[in-house]
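So that the names make sense, note that chain A is the first sequence line, chain B the second, and so on, each numbered from 1. Reckoned from all heavy atoms, side chains included, excluding hydrogens, waters and symmetry mates.
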Amino acid sequence: MNDTPILRVEAYSKQFELHEQGKIIPSSCDVNLSVYSGRLTALIGPTGAGKSTVLKGIYRTYLPSTGRLIYQTASGHEIDLAQADEHQILELRRTEIAYVTQFLHALPRQATEDVVAQPLLLKGMDKAKARDIARNMLAAMNLPERLWNISPATFSGGEKQRVNLARGLVSRPRLLLLDEPTASLDPKTTDKVVRLIENLKDEGVAMLAIFHHPELVKRMADDVVELEPPIAIENIIEEIA
Amino acid sequence: MDKVLEVENLSKVYGPGCASCFELTGPDFDTNICPNCGSVVAAHNVSFELFKGEILGIMGESGSGKSTAVKCLNFDQAPSSGRAIFYDDDKQHDLFNLNSAQQRRLANHRFGMVYQNPNLGLNFDISAGGNIAERLLMSGVKNYTGIRCRAKDLLSRTEVLTERMDELPKNFSGGMQQRVQIAKALATNPPLLFLDEVTTGLDLSVQAAILDLIMEIQQDMNTAMIVVTHDLGVIRLLAGRTLVMKYGRVIESGLTDQILEDPQHAYTQRLVASAL
């Protein structure tokens, strides 16, 4: 194990300023954590503790309000994801950082294998090869072959989730952000997915994950970070002066 | 990554203009009409960079200045002030300091423009194939069979039946006219493409096909594009980064998913909240 973290989150906070309602909604509050290559850091805490907000801040889908998100790039540079310019973030998303949510956004007219192959195409791989790798990944996810060439639009929750995971894992990111990746899977498929994630970890992928089953945290996590909801959310919602 | 375009403080005022035009207009004043001289401030201090193969979205309601910005860059209109540098391989062009012949040359060879209204992008008095030939001729291709072959290629690339390449575009449906316009814009393999509300007013199924085509072009040819639209769906689908404009100003810019999920400006929050 390498003891320099690939990502250091230092005093990260995020609040949303809703202009129309004149309100500030705090979400994540003073979060500190480290993520290491080949290890999984689990984020736990009750609903509303701002767990997903941490992942979205790192991926920059949310603009962090305060704090530093120091990421060690493959080329050995340190970069604060909270401040990095948009092109740098886009490049990291293309080559190093992947984010798997509970929800799948895919075009209703795109075949599942193409949805999964997308990250590889963005990396410049040719179509045939990317599709091959995508199919292998779908097979590893236990997704029936008859579904591969149709759109995931009509899939069940568990099927969609596996497509989503396959897309996140296929490009072998250096840092993987997982938001309840097994939320709607049956125990057998969960086990399969967990083993896939463990394999990736063994290959050195750094992971920051939200799981809602305590037994999964116990099985998968090398480090655990517990978040508390911003004290009694209702009381802290401030009127913008 | 390579830069394709750098725009600095682009402004465009329609009318006489006065010293207070910029001070008395904009989102804070809820108008783009100068109360002092009546000039319309269509765009003020628009700045951005565009990289190779990147799609930048410019979003805003009618009259926000989003089309004006692109029309200035394509030399359809002259800006009032500002600077734009186009990086073409190892050459740099200071767009607004070129003479009109140089500007025409760039627009014909190196830029592609697709308008909302096919009337602006196509010559309706000559055939679909002829429209493409016209652009190729302007860019210096002279050989007849070469031109005809290329036109055929482009039309089949954009899924226009090549059997109809000798028909006038006015006989085509709106979606088909848009495809011919895209084929024409692509004729010279331009590294930079401007798309101004290209799917507005088309049937949903036709919109989807056009958007798929645009994504394919970006992936296959690594073309940098500026997509101007008021449609959040188009922005979400195509653009990696987005500028939000209101009353001629860029009020917010960022990664597209961030603009849509964590909009900072009150106006953008309202816009995103009103999405269907």
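Considering CD of A:E86 and CZ of B:F51, their distance stands at 10.5 Å, rounded to 0.5 Å. Distance check: B:R241 CZ to A:L90 CG gives 7.5 Å after rounding to the nearest 0.5 Å.
No part of B:A273 comes within reach of chain A, as not one of its non-hydrogen atoms sits under 4.5 angstrom from that chain. Residue A:Q110 does not touch chain B at all, counting heavy-atom pairs closer than 4.5 Å. Contact of A:I89 with chain B is made through the side chain alone, with heavy-atom distances under 4.5 Å. Contact annotation for A:Q118: only side-chain heavy atoms (C-beta onward) come within less than 4.5 Å of a heavy atom of chain B. Proximity to chain B involves both the backbone and the side chain of A:Y62, based on heavy atoms less than 4.5 angstrom apart.
Of the candidates B:K3, B:E54, B:E49, B:E54 is the only one forming a side chain to side chain donor-acceptor pair (under 3.5 Å) with A:H87.
Annotation: A:R8, atom CZ; neighbour count of heavy atoms from other residues, nucleotides and ligands within 6.0 Å is above 12. Few gaps surround NZ on A:K123; more than 12 heavy atoms of other groups in view lie less than 6.0 Å from it.
The most heavy-atom pairs under 4.5 Å with chain B, out of A:R109, A:K56, A:K14, A:R60, come from A:R109.
Among all heavy-atom pairs drawn from A:H19 and B:Q269, the shortest one is N-OE1, 3.0 Å.
Scanning residues 255-263 of chain B against chain A with a 4.5 Å non-hydrogen threshold yields B:L255, B:D257, B:Q258, B:E261, B:D262, sorted by number.
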